[in-house]
Amino acid sequence: MTAAAPSLTFLGDLTAPAWNPPRLAGFRAWLGDSVPVVNLEGPIVPDFAAAKPRSALKFNLASMPGVLDALAPAIVTIANNHYEDFAEIVPPDRARDDVTVIGARAGAPVLRTIGGRRLALVGICFPATDPLRWRRRGRIAIEAPRRALQRLEAARRALPDAVLIAVVHWGYEFSRLPFPADRAWTRRAFDCGVDLVIGHHPHVIQPIERFGGKTVAYSLGNFYLPNGTYFGNRLDFDPVCDRGLALHFDGRAVTPFTAVPDYRNGDVAIHPADDRVTAPFAGQSDREYRDYFREQLRVRRARVPSGIPALESYFGGGEAAFFAWQDARQWARNTLLRLGLRNPYKKPA
């Protein structure tokens, strides 16, 4: 991949099953010579039909070889709760030599020059997206929020003149609003020198918010992730998941577009961004936003799993207790699954 390009285009979650691959001819023409930065939701497996997940206690996602052919040259983040679903994988940067990976465990920031400015990209996954498994030493950077902030502070010290971008896997699936503690963490990240935060995991669009001259896109939603049967379990996203955001970044300004996949022809159409990118809570304090989030939980615009408190901040002693509670809740859930007393996954008809 060349070191310089006119822009980056940040995209949402990408999974390419063998039975519905992305072709992206129209999208590639729209993208031009902008370099895409996409969340690879699950690994590339060498044989999609024969791939065996590590665990039956979670929903597993993977992509076929060739998933990145229509996007490369590209930057992909692997810091997510599905990348370690399979033991036998093909690392994206080995699948193609024009693909660069961020989000690997202990990986250094990836540097690019965009619009004459030096950029540094760091990929991170928060523990809330994969309780219990996050403490294991694996391939990806699953880091508690405090540790993630320290890593970004170190990147800022090492690269004082770069535009520092954090690509973060966080929050809760299908929630149209960011988790209060994640929003508060973003403020801290901006204070320690991060310039742009890009979020994934909820599978739906969440708003874009600006703090002074800095921007956070809390969730880009899905870029290309078709419904269907993945390794014995059925995925049926609601229609609200059938669109995401594509964010052009020229090194100075972010321009949002709406990306709408068409799974009949394997392409993604681009439209002007709609009002979902406007944050109705802009200007609220952390405490005000937590109360707003609780009210939105009541009317089901926000979403967290049952028993998870709307934590205002990971700091002030809350982080360790919060993730210990999540781990305990996940252990209880897995026990019910092993005993056959619970089955949240839809089986094929």
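All residue numbers refer to positions in the sequence shown, counting from 1.
- Under a cutoff of 6.0 Å and an axis angle of 45°, Arg188 and Phe315 form a cation-pi pair.
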Take Ile205 and Ser219 through the side chain to side chain contact (heavy atoms under 4.5 Å, CB included) test and state the conclusion after the steps.
CA-CA 5 Å; Ile205 294 171; Ser219 172; over 6 Å; no

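- Heavy-atom minimum distance, Thr258 versus Ala273: OG1-CA, 3.3 Å.
- Of the charged side-chain nitrogens involved, at least one lies within less than 4.0 Å of a carboxylate oxygen, so that Glu312 and Arg287 count as a salt-bridged pair.
- Contact detail for Pro91 and Tyr83: the closest heavy-atom pair is CA-OH, 3.9 Å.
- Remark: side-chain polar atoms of Arg176 are not paired, donor with acceptor, to backbone N or O of Arg303 under 3.5 angstrom.
- Smallest separation of non-hydrogen atoms from Asn222 and Cys241: ND2-O, 3.3 Å.
- A salt bridge is absent between Asp267 and Arg23; no separation between the charged side-chain nitrogens and carboxylate oxygens falls under 4.0 Å.
- Remark: Glu88 CD is loosely packed, at most 12 non-hydrogen atoms of other residues, nucleotides or ligands lying under 6.0 Å away.
- Using a cutoff of 4.0 Å between basic side-chain nitrogens and carboxylate oxygens, Arg329 and Asp327 are not scored as salt-bridged.
- The local environment of CZ in Arg117 is crowded, with over 12 non-hydrogen atoms from other residues, nucleotides or ligands closer than 6.0 Å.
- Asp262 is linked by a salt bridge (charged side-chain N to carboxylate O under 4.0 Å, His left out) to Arg264, counting only residues two or more places apart in sequence or in another chain.
- Although no hydrogens or angles enter the test, the distance criterion places no donor-acceptor pair under 3.5 Å between the side chain of Arg118 and the main chain of Thr113.
- Using the six-membered ring where Trp is involved, Trp19 and Phe48 have ring planes that are perpendicular, over 60° apart on the 30 and 60° scheme.
- With hydrogens and angles ignored, the 3.5 Å screen pairs a side-chain donor or acceptor of His82 with a backbone N or O of Phe59.
- Between Phe257 and His248, the gap from one ring centroid to the other is short of 6.0 Å.
- Side-chain atoms of Ser63 come within 3.5 Å of backbone atoms of Ala16 as a donor-acceptor pair (strictly under, hydrogens ignored).
- The nearest pair of heavy atoms linking Asn80 to Thr77 is ND2-O, 4.0 Å.
- The closest side-chain donor-acceptor pair between His200 and His169, if any, does not fall under 3.5 angstrom.
- A salt bridge links Lys58 to Asp130: at least one charged side-chain nitrogen sits closer than 4.0 Å to a carboxylate oxygen.
- Between the Asp85 side chain and the Leu61 main chain, a donor and an acceptor come within less than 3.5 Å of each other.
- For the pair Arg183 and Tyr289, the cation-pi criterion (under 6.0 Å, within 45° of the ring axis) is fulfilled.
- With hydrogens and angles ignored, the 3.5 Å screen pairs no side-chain donor or acceptor of Lys214 with any backbone N or O of Leu196.
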Show me the side-chain donor-acceptor pairs of residues 277-286 shorter than 3.5 Å, one per line, residues at least two apart or across chains.
residue: Ser285; atom: OG; partner: Glu288; partner atom: N; Å: 3.1
residue: Ser285; atom: OG; partner: Glu288; partner atom: OE1; Å: 3.4
residue: Asp286; atom: OD1; partner: Arg187; partner atom: NE; Å: 2.8

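- If you look at Phe179 and Tyr218, their ring centroids are not closer than 6.0 Å.
- A donor-acceptor pair under 3.5 Å is formed between the side chain of Asp47 and the backbone N or O of Ala49.
- Side chains of Thr9 and Ser34: a donor on one and an acceptor on the other come within 3.5 Å.
- By the 30° and 60° cut-offs, the orientation of the rings of His203 relative to Phe237 is tilted.
- In this structure, Thr129 contributes its side chain and Cys125 its backbone to no donor-acceptor pair below 3.5 Å.
- With hydrogens and angles ignored, the 3.5 Å screen pairs no side-chain donor or acceptor of Arg146 with any backbone N or O of Gln150.
- Phe27 and Phe223 have their aromatic ring centers within a separation under 6.0 angstrom.
- Taking the six-membered ring wherever Trp is involved, the centroid distance between the rings of Phe322 and Trp325 does not fall below 6.0 Å.
- A donor-acceptor contact closer than 3.5 angstrom is absent between the side chains of Asp13 and Tyr224.
- Ion pairing between Arg96 and Asp98 holds under the 4.0 Å rule for side-chain N and carboxylate O.
- The backbone N or O of Ile124 lies less than 3.5 Å from no partner atom in the side chain of Glu143, so there is not a single donor-acceptor pair.
- Considering only residues two or more places apart in sequence or on other chains, Arg298 meets the salt bridge (charged side-chain N to carboxylate O under 4.0 Å, His left out) condition with Glu295.
- Between Phe126 and Trp185, the gap from one ring centroid to the other is short of 6.0 Å.
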